[in-house]
Protein chains: 4
Amino acid sequence: MAEHLSADHNTESWALELLALGDEEKMTPKQIAILQAAVDVFAEKGYASAATSEIAQKAGVAEGTIFRYYKTKKDLLLSIVGPTMSKLLAPFVIRNFGNLLDRSFDSYEDFLHALIRNRLDFARKNFKILQILIQEIPFHPSLRNQFMEDIVSKVFERISAHVEHFKQKGEILDVPAPALIRFTVSATIGYIMTRLLLQPDREWNDEEEIELLIRFIMHGIAADPK
Amino acid sequence: MAEHLSADHNTESWALELLALGDEEKMTPKQIAILQAAVDVFAEKGYASAATSEIAQKAGVAEGTIFRYYKTKKDLLLSIVGPTMSKLLAPFVIRNFGNLLDRSFDSYEDFLHALIRNRLDFARKNFKILQILIQEIPFHPSLRNQFMEDIVSKVFERISAHVEHFKQKGEILDVPAPALIRFTVSATIGYIMTRLLLQPDREWNDEEEIELLIRFIMHGIAADPK
Amino acid sequence: MAEHLSADHNTESWALELLALGDEEKMTPKQIAILQAAVDVFAEKGYASAATSEIAQKAGVAEGTIFRYYKTKKDLLLSIVGPTMSKLLAPFVIRNFGNLLDRSFDSYEDFLHALIRNRLDFARKNFKILQILIQEIPFHPSLRNQFMEDIVSKVFERISAHVEHFKQKGEILDVPAPALIRFTVSATIGYIMTRLLLQPDREWNDEEEIELLIRFIMHGIAADPK
Amino acid sequence: MAEHLSADHNTESWALELLALGDEEKMTPKQIAILQAAVDVFAEKGYASAATSEIAQKAGVAEGTIFRYYKTKKDLLLSIVGPTMSKLLAPFVIRNFGNLLDRSFDSYEDFLHALIRNRLDFARKNFKILQILIQEIPFHPSLRNQFMEDIVSKVFERISAHVEHFKQKGEILDVPAPALIRFTVSATIGYIMTRLLLQPDREWNDEEEIELLIRFIMHGIAADPK
DNA sequence: TATGAATGAGTCTTCATTCAT
DNA sequence: GATGAATGAAGACTCATTCAT
């Protein structure tokens, strides 16, 4: 699992291997143009305010062409956010053969480091789509369900395994896992959102910030707890 | 400041005093009905997909009546989220006469406790409006600006004052305030969102959870912090 | 029943009394204009090829106005043909109190005479709508069912009563009623359609033609029927 | 003429001989498939609501292929109903060499019998196309003209010849031929439509029904006219 | 003040037809 | 010949907004 949570340049290579089906392979240039234009317009205007005519124009195709590839505007939305939601989940559901898990990370710090870097890279690469996803989840039951059932519960389950593992090793507090996970994930998401959404133009030294964040998560912000 | 960050029953009393102008005073019953209906429909459908006709129907007024009070649909939106955005900010911008701040909280823990309780109560009371606000901020420059300039920067500035205060007292780590604040706020928002949005139906013991959260923020999740 | 099958100038007065609800009373001038325009365009182009924009234009209203009165184009169609279908049926389902039936007509000829005149007048008055009705019945299950169940079977049932009555009186042949009715109705419809549809411009002496038709129905076309 | 009005198994043999040009000879399998699919879809949906894409799919050809054989959708329609309209007319326009007519039928009853059987068989074989034809005649002037000029007037003319013949023989009433023909044809069409369209699932004894129908046409429905 | 009928621009979607392959 | 991707005009329908009452 260390591999698919690594933050190498090919971070998402596993994803491509796993999810390539239906992705931008086997797609015509026009279809790719439609998808990219749709991502842009959905992100800028929001799904409901996005006009298929504008998407078509940005994609350089006739409006009717969109509907050859996607039966409805909603299909277009789902074909964008659906696979990304799966990719969001992917690194957590990779099968860990044998007891790979045990040897995966030497410490919770290492796990955190890989997790944060990996998801930061993922968010950077899929920024607009994630934006669309977050905006639209409340209004599309299918998305909402997929998110709650697949993402929230499965990610929780997987991280839970790690957390319990390190709890048993005595590395982290023996308190309920949900609270631990919520805290960890909140801090991570908070960093990523500030980094990419709130202050994208600030100069960031990611490595330092992540080290600091991990220190916060592990030891808090209280001074010298002696 | 202790007062306006307290979580008493009258938590928002200061808000009423400060922001009453334009609020539900001096409003006709019809206008109040319109606002309430609009909040419901905006929250359920999203601004763009909300029909003014549905709002009118739910409010029990004629379609045209809405436009007597609000020139456009967008005005209606802004009249809902604008004041709430101010209220979101309010507890942080209350003038602290003299050096009230110094004596406000005995410890950062106390400050955190008041902050979390207060904002949780606020979020609970204004749940739907906050939902609308978060949904619409990306699509309305006026909201976006108000949020970035008023909320983000001013809240940051105020919390920053507290943080520096406790940093000088040697209670918290001498690291850049932005990271400290981001971490604190992320953990707080993460709790509130889980509490109200992701798992509202779970049984929550808020007092215990908040205590645990503060312990996390202060001392992290590592076991045996000696 | 002799009354409502009479062919007086006020032939349809009973219908107005019975079916006035929802008819052109309580309608705004615009709604009436829409209905009339729709009848014209549906009859001329057929339902599927009729454009709501053309109906709006002919009615002198905005296109959106149509949809204030009729949720869909199909609703508009049904609101036109539905009531007419009921009126088509009406003269046959009037309650005949007591044994009114027995005394209604002195002979089958009298009955035929009233029937033909009455339905000819009705067809003349509702020519376009009947045209639309016939065109659209095959493609709208709701119309089809209404037609088969209400019209065909109920009209059959009512005429059947008359036929059996005169059969018992020894006026008409003792053969299965369905064949008798089919024959009578076919001859009647054939006359009406030739009269109004195939050769509307020919000069017609309706009274003579109807007398001849009744003679055919009663005694056939063979010469010297001794 | 007795031949082409007979109801033998090869009833339509004359048609094939006469109208084979442009019919299913010299046609590629694809073209035949297109025609058959078009008949099905036109009959089911109506011409205006039929999608060429659906026809192509049902025919197992590409959408573009249809337009290789038929320049427009309307051409496709006309190529279906046009020849059938001719066939509808055919048995009446066969040249009767010499005075064949005189010896054709011994009686008007015989003529009627052949006519009814023949057209019933024809209608059964061409049910869907006749359905399409009747539906579309009002909306296509070319069809309308062809129908009014070719069918109505020519069929009238031919039958008229028979009628006059039997009138002179003293077999049928000496009243205007149009009324006689209209009556005869109405009764015939009424039977065929009931038989095939209104109650196709009922058990029919065609021979008996036809005999009864002829009796009605010849002698009416009045009991014992002595 | 409040109404709600009326508007018409704008939306998504369909589909006959074309044309490069 | 045969394909099917691409087109774009046209269609049904929605909805924020206006205005006479």
Side-chain angles (χ1 to χ4, degrees), chain A residues 28-31 33-34 47-57 59-76, chain B residues 28-31 34 47-57 59-77, chain C residues 28-31 33-34 47-57 59-76, chain D residues 28-31 34 47-57 59-77:
Chain A
T28 69
K30 279 193 198 297
Q31 191 171 4
I34 289 170
Y47 170 76
S49 298
T52 51
S53 59
E54 186 181 352
I55 295 172
Q57 196 193 342
V61 303
E63 203 169 352
T65 305
I66 292 177
F67 294 92
R68 284 194 67 76
Y69 291 104
Y70 306 95
K71 254 174 75 71
T72 65
K73 185 185 171 190
K74 187 163 187 177
D75 272 2
L76 177 56
Chain B
T28 71
K30 280 191 196 296
Q31 191 170 3
I34 289 170
Y47 169 76
S49 299
T52 51
S53 59
E54 186 181 353
I55 294 171
Q57 196 196 338
V61 303
E63 293 188 45
T65 305
I66 291 178
F67 294 91
R68 296 218 133 263
Y69 292 102
Y70 306 95
K71 243 173 76 72
T72 66
K73 184 185 172 190
K74 188 163 185 177
D75 274 359
L76 177 56
L77 171 69
Chain C
T28 70
K30 281 194 198 294
Q31 190 171 4
I34 289 170
Y47 170 75
S49 299
T52 51
S53 58
E54 186 182 351
I55 294 172
Q57 196 192 343
V61 303
E63 202 170 351
T65 305
I66 292 177
F67 294 93
R68 283 193 68 76
Y69 291 103
Y70 305 95
K71 254 175 75 70
T72 65
K73 184 186 170 190
K74 188 163 187 176
D75 273 1
L76 177 56
Chain D
T28 69
K30 279 190 197 300
Q31 192 171 4
I34 290 170
Y47 169 75
S49 298
T52 51
S53 60
E54 186 181 353
I55 295 172
Q57 195 196 339
V61 304
E63 291 187 45
T65 305
I66 291 177
F67 294 90
R68 297 218 131 263
Y69 292 102
Y70 307 94
K71 243 173 75 71
T72 66
K73 185 186 172 188
K74 188 163 186 178
D75 274 359
L76 177 55
L77 171 68

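Please read these numbers as outputs of a predicted model, since none were measured by experiment. Chain identifiers are assigned alphabetically (A, B, ...) following the order of the sequence lines, protein sequences preceding nucleic acid strands; residue numbering begins at 1 within each chain.
Side chains of C:T52 and C:E63: a donor on one and an acceptor on the other come within 3.5 Å.
Rounded to an integer number of Å, the gap from CD1 of D:I55 to P of E:dT17 is 11 Å. D:F67 places its CZ atom 9 Å from the C1' atom of E:dC15, with the value rounded to the nearest Å. For A:Y70 and F:dA6, the OH to P distance is 12 Å, given to the nearest whole Å. Nucleotide E:dT1 holds its P atom 16 Å from the CD1 atom of B:I66, rounded to whole Å. Here the P atom of nucleotide E:dA16 and the CG atom of D:D75 are 14 Å apart, to the nearest Å. For the pair B:Y47 OH and F:dA16 C1', the computed distance is 9 Å after rounding to whole Å. Here the C1' atom of nucleotide E:dT14 and the NZ atom of C:K73 are 12 Å apart, to the nearest Å. Atom C1' of nucleotide E:dG4 and atom NZ of C:K30 are separated by 14 Å, given to the nearest angstrom.
Between the side chain of D:Y69 and the main chain of D:L76, no donor-acceptor pair closer than 3.5 Å is present. Of the possible donor and acceptor atoms, none in the side chain of D:Y70 sits under 3.5 Å from a partner among the backbone N and O of D:L77. In this structure a side-chain-to-backbone donor-acceptor pair under 3.5 Å is missing from B:K30 to B:A59.
In this structure, B:K71 and A:V61 both approach DNA chain F, and ranking their closest nucleotides by distance from the 5' end singles out A:V61. Along DNA chain F, the nucleotide nearest to A:T28 and the one nearest to B:S49 differ in position, and the one closer to the 5' end is contacted by A:T28. Comparing C:E63 and A:E63 by the nucleotide of DNA chain E whose heavy atom lies nearest to each, the residue mapping closer to the 5' end is C:E63.
Base-pair partner of F:dG4: E:dC19 (Watson-Crick or G-U wobble, both distances under 3.5 Å).
Among the heavy atoms of the strands lying under 4.0 Å from A:A50 are primed sugar atoms or P, OP1, OP2 only; no base atom is included.
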